[in-house]
Visitor: 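Let me give you the structure first, and then I'll get to my questions.
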Amino acid sequence: MILEQITEQLSDAIKARVLTLFGIPVERVILQAPPRLAMGDLATAVAMELAKQARKAPRQIAEAIASGLELPAAVSRVSVEGAGYLNFHFDRRLFTLAHLEAIGAPLPETGHRITVEHTNINPNKAAHIGHLRNAVLGDTLIRSLVALGHRVERQNYIDDTGVQVADVVVGFERLLGEGIAEVQKRIADGTKFDYFCWDLYARVGHHYEAHPEALEWRRETLHKIEKGEGDTAKLGAIIAKAVVKRHLETTLRLGIEYDVLVKESDIIRQRFWDRAFELLKKSGSVIFEEEGKHKGCWVMKLADSPEFEGMEEPDKILVRSNGTVTYVGKDIAYQLWKFGLIGDTFGYREFRRYDDGRIVWETTSDDDAVAGAPHFGGAQSVYNVIDVRQGYLQKIVKEGLRILGHAQQAERSIHFSYEMVALSPATAKSLGVEVKPEDEQKAYLEMSGRKGLGVKADDMLDELEAKAREKISGERSSGSEEDDARLARQIAIAALRYFMLKYGRTKVIAFDVAEALSFEGDSGPYLLYSTVRVGNIFRKMQERGVDPMLAKDQVDRLAIGDELVDDMWQIVRMSADTENVIRRAVETLELSLLTRHAFDLAQTFSSFYHKFPILNEKDDAERQRRAVVAEVFRRTMVQIFGIIGIPMPERM
RNA sequence: GCGCCCGUAGCUCAGCUGGAUAGAGCGUCGGCCUCCGGAGCCGAAGGUCGUAGGUUCGAAUCCUACCGGGCGCACCA
């Protein structure tokens, strides 16, 4: 907060100064931390940019701007350095006092309503680690948006009428000869139903390969499910619901929650699609093909849009010749609903409750809709967290809005795209997959639900917990089995969430189990460890009857100007960058900025911690100064943990 | 063919809208536990930033071309 204020004030002051001195209006002044702390706390190269226009040497310009520049209270001086940089040095005391109070304080509400759709795992098998990348990114995006003061709705789209569910239904009905009663028994028997489906789905895939004629089963089944007819459709719904229940348990292990599950079947049954279809037909951009290869289909004409220029096939089928609607068609209807552009609304019923009593709602077309259910949809901005391979379809959804005259909403339909999680050859082998010679050299192998190739999310979490639990045994144990187990869970979450966030979103993660299990270096557990230690110090001070003197009036009286040496000040300065980092992470959709920032800060603090003992420092004021720095660090980390979704243990 | 993404140290990656000496983790080598818990800290070695041009006072960063790798362009999702 304080840093943002200073930056804005300085920016305004410099603009005004440049205008009066040179008559040049500057649009924006970029103020950034200089490369080394000794150079100052904020710097700008504005003088270099102006050199040509002002026909003066950069240093000369910088000197002119600096002299007589009105500085904010927390800025003590300005210097001109290097080729003509303007460097600003903060008043460490004023800045630290103001910052310490503001860390983690909620930002003012913006009133902006945002919907984030994420997770969206096909409800036909267990979640694998690739799905977790989606869920962790989506959840972290949500937490970031909330931290910035927005109101966010957490949606999870359930494709319960698609091919993948149909294939598992085929597996039960045709390969196992099982119906509703048998499947319900399996769901109730306490084993992981999603794991069973994982294997069954792979079996169906292999069966199709060996017996292509069996694909007829898929067509029949899919048709019945889409129409909602008979026991087959009922079975599909039962399977989808049971699997989604498991998915929510898996994601809940990572602290990921939802407000509403939107089911594809309800988009059809609530006639959202029909309404969207009417609008699209009226727009003239969606037409019925009388002949050609798309004869009998309703297609969206994309040729006129510059976005799709040069495409070999500029038409996209929305309704197949057999009358069924494609995924994109339904997605356009869904997107319209998210913005409140379709008039109607869903019915909702309770899907499950979290321990604190909050409800996850699901859409329903049956007569069991709850009268007092909350109102969903109608957002001002929408983020769809979907992997990069669906970029083309997301573009079409956006184009759909534009065609219907909703240009602004199209602009605010943001595709949060990210690369896939693949398997390192070593990990693939360890899963018992035969790696073909030609794949041996590849950097990674794609996961495939159809082949049953992938690391299941629950298995990964189990392994991480087991490994953490092992480390906690012996001297680290708290003596309480329950506490140790909880700590192991927290460490596992930290490890996995951090791992999923630390890579840039455009990077393919070649998932290597050994690497993901690492608790050292650039990892979540390292962050926890560095922060928990600070808590230990304060606890120990308390035990020894030493007051850390962190109360506001006590800190106010403390000498923390020049006495706050660079090693200390650096931590305060870095901590103050946090808000800016959150903003940039959201703007660029690059959430790895958050983990990077947290890691840099933790590393800097760890170094400080080894160099400057706190507990054993004899001088009261010096000990207090160090304690203030430790507290700045601790509060900042707690704030960041809240945003990246890592729970903070008391001890570890 | 058209479009998107990636190419930086042995490996995995940072490097923000161009800016001051290109950084981290892992690995390797060498130090540091009578300690605020070593899941840590300090140090060393290690880089033609894929290649070639261009723009600029200044390019890992922007533009163009090329090379290498991945993905997308279904009456699948």
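The sequence lines fix the lettering, A, B, ..., with proteins before strands; numbering per chain opens at 1.
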Visitor: One pair to check against side-chain hydrogen bond (donor to acceptor under 3.5 Å, both in side chains): Gln335(A) and Ser413(A). What are the steps and the verdict?
Guide: CA-CA 8 Å; Gln335(A) 193 74 5; Ser413(A) 294; 3.0 Å; yes

Visitor: Test side-chain hydrogen bond (donor to acceptor under 3.5 Å, both in side chains) on Asn87(A) and Ser79(A) and set out the steps.
Guide: CA-CA 5 Å; Asn87(A) 291 12; Ser79(A) 61; 4.9 Å; no

Visitor: Can you tell me the base-pairing partner of rU61(B)? Count Watson-Crick or G-U wobble geometry only, both distances below 3.5 Å, and say none if there is no partner.
Guide: none

Visitor: Using the C1' atom as the reference point in each nucleotide, state the distance between rA14(B) and rG7(B) in Å, no decimals.
Guide: 15 Å

Visitor: From the options rC36(B), rA39(B), rC16(B), select the nucleotide whose nearest atom is closest to the side chain of Arg584(A).
Guide: rC16(B)

Visitor: C1' atom, rG18(B) versus rC73(B): distance in rounded Å?
Guide: 34 Å

Visitor: Quick one: side chains of residues 540-549 of chain A, donor-acceptor pairs under 3.5 Å with protein atoms, not counting sequence neighbours, listed by atom name and distance.
Guide:
| residue | atom | partner | partner atom | Å |
| --- | --- | --- | --- | --- |
| Asp547(A) | OD1 | Met549(A) | N | 2.8 |
| Asp547(A) | OD2 | Gln554(A) | NE2 | 3.4 |

Visitor: Test for a donor-acceptor pair under 3.5 Å between the base of rC75(B) and the side chain of Ser321(A), counting only N and O atoms.
Guide: yes

Visitor: Which listed nucleotide (rA77(B), rC36(B), rU56(B)) is nearest to the side chain of Asn122(A)?
Guide: rA77(B)

Visitor: What is the separation between atom CE on Met500(A) and atom P on rC13(B), rounded to the nearest whole Å?
Guide: 14 Å

Visitor: Can you measure from CG (Leu496(A)) to OG (Ser523(A)) and round to the nearest 0.5 angstrom?
Guide: 12.0 Å

Visitor: Please determine, for the side chain of Lys507(A), which listed nucleotide (rU12(B), rG40(B), rA14(B)) has the closest atom?
Guide: rA14(B)

Visitor: Out of rG40(B), rA77(B), rC36(B), which has the shortest distance to the side chain of Ile614(A)?
Guide: rC36(B)

Visitor: For Asp484(A) and rA39(B), give me the distance from atom CG to atom C1', rounded to whole Å.
Guide: 15 Å

Visitor: Which one is paired to rC4(B), where only Watson-Crick or G-U wobble pairs with both distances under 3.5 angstrom count?
Guide: rG70(B)

Visitor: The side chain of Tyr444(A) is closest to which nucleotide in this list: rC36(B), rC42(B), rG70(B)?
Guide: rG70(B)

Visitor: So what does Phe499(A) touch, heavy atoms closer than 4.0 Å: a base, only the sugar-phosphate, or nothing?
Guide: nothing

Visitor: Less than 4.0 angstrom between a side-chain N/O of Tyr392(A) and OP1 or OP2 of rA77(B), yes or no?
Guide: no

Visitor: Closest to the Lys52(A) side chain: rG38(B), rC41(B), rU56(B)?
Guide: rU56(B)

Visitor: CZ of Arg218(A) versus C1' of rC75(B): gap in Å, rounded?
Guide: 14 Å

Visitor: Rounding to an integer number of angstrom, what distance separates rG50(B) and rU61(B) when you compare their C1' atoms?
Guide: 16 Å

Visitor: Please give the distance between the P atoms of rG23(B) and rG69(B) as a whole number of Å.
Guide: 32 Å

Visitor: In whole angstrom, give me the gap between the C1' atoms of rA74(B) and rG58(B).
Guide: 49 Å

Visitor: Is the distance between the ring centroids of Tyr529(A) and Tyr526(A) under 6.0 Å?
Guide: no

Visitor: Take atom CZ of Phe608(A) and atom P of rC36(B), then tell me their distance rounded to the nearest Å.
Guide: 15 Å

Visitor: Which nucleotide, if any, forms a Watson-Crick or G-U wobble pair with rG23(B), using both distances under 3.5 Å?
Guide: rC13(B)

Visitor: Contact class for Leu528(A) (heavy atom, under 4.0 Å): base, sugar-phosphate, or nothing?
Guide: nothing

Visitor: Side-chain N or O of Lys316(A) versus OP1/OP2 of rA74(B): is the shortest distance under 4.0 Å?
Guide: no

Visitor: Please determine whether a side-chain nitrogen or oxygen atom of His294(A) lies at a distance below 4.0 Å from atom OP1 or OP2 of rC75(B).
Guide: yes

Visitor: In whole angstroms, how far is the C1' atom of rC13(B) from the CG atom of Asp512(A)?
Guide: 14 Å

Visitor: Give me the distance, rounded to whole Å, that separates rG46(B) from rG53(B) when you measure between the C1' atoms they each carry.
Guide: 30 Å

Visitor: Of Ile317(A), Asp315(A), Ile332(A), Val319(A), which is the lone residue that meets side chain to side chain contact (heavy atoms under 4.5 Å, CB included) with Met300(A)?
Guide: Ile332(A)

Visitor: Measure the distance from CG on Asp577(A) to P on rC16(B) and round it to the nearest whole Å.
Guide: 15 Å

Visitor: Between rC5(B) and rA52(B), how far apart are the two P atoms, rounded to whole Å?
Guide: 24 Å

Visitor: Nearest to the Asn616(A) side chain among rC36(B), rA77(B), rU12(B), which nucleotide is it?
Guide: rC36(B)

Visitor: Would you measure the distance from the C1' atom in rC6(B) across to the matching atom in rA20(B) and give it in whole Å?
Guide: 29 Å

Visitor: Is there a side-chain hydrogen bond (donor to acceptor under 3.5 Å, both in side chains) between Arg583(A) and Asn580(A) once you walk through the steps?
Guide: CA-CA 5 Å; Arg583(A) 274 185 209 289; Asn580(A) 190 24; over 6 Å; no

Visitor: Check the distance between rG37(B)'s P and Lys471(A)'s NZ and give it to me in whole angstrom.
Guide: 17 Å

Visitor: Mind jotting down which residue pairs meet the salt bridge (charged side-chain N to carboxylate O under 4.0 Å, His left out) criterion with at least one end in residues 513-532 of chain A? Sequence neighbours excluded, please.
Guide: Lys471(A)-Glu520(A), Lys502(A)-Asp522(A)

Visitor: So which nucleotide from rC57(B), rC36(B), rA39(B) ends up closest to the side chain of Pro525(A)?
Guide: rA39(B)

Visitor: Look at the side chain of Ser606(A) and decide which nucleotide, out of rA77(B), rC36(B), rC41(B), has an atom nearest to it.
Guide: rC41(B)

Visitor: Counting only side-chain N and O atoms of Tyr529(A), is one of them less than 4.0 Å from OP1 or OP2 of rA39(B)?
Guide: yes

Visitor: Return the 5'-most residue of the pair Met420(A), Arg505(A) with respect to RNA chain B, ranking by each residue's nearest nucleotide.
Guide: Arg505(A)

Visitor: Say you draw a straight line from NE2 of His247(A) to CG of Asn122(A); how long is it, rounded to the nearest 0.5 Å?
Guide: 8.5 Å

Visitor: When you measure from the side chain of Tyr503(A), which nucleotide among rG15(B), rC41(B), rU12(B) comes out closest?
Guide: rU12(B)

Visitor: Quick check on RNA chain B: between Ser607(A) and Arg389(A), whose nearest nucleotide comes earlier from the 5' end?
Guide: Ser607(A)

Visitor: Using a 4.0 Å heavy-atom cut-off to protein, can you give one letter per nucleotide of nucleotides 18-33 of chain B, 5' to 3': B if the base is in contact, S if only the sugar-phosphate is, - if neither?
Guide: -BBB--SSS-------

Visitor: State the pairing partner of rG40(B); accept Watson-Crick or G-U wobble contacts with both distances under 3.5 Å, and report none otherwise.
Guide: rC32(B)

Visitor: Relative to Tyr609(A), does Arg533(A) satisfy both conditions: NZ or CZ under 6.0 angstrom from the six-membered ring centre, and within 45 degrees of the ring's axis?
Guide: yes

Visitor: Working to the nearest 0.5 angstrom, can you tell me the gap between Leu601(A) CG and Arg573(A) CZ?
Guide: 12.0 Å

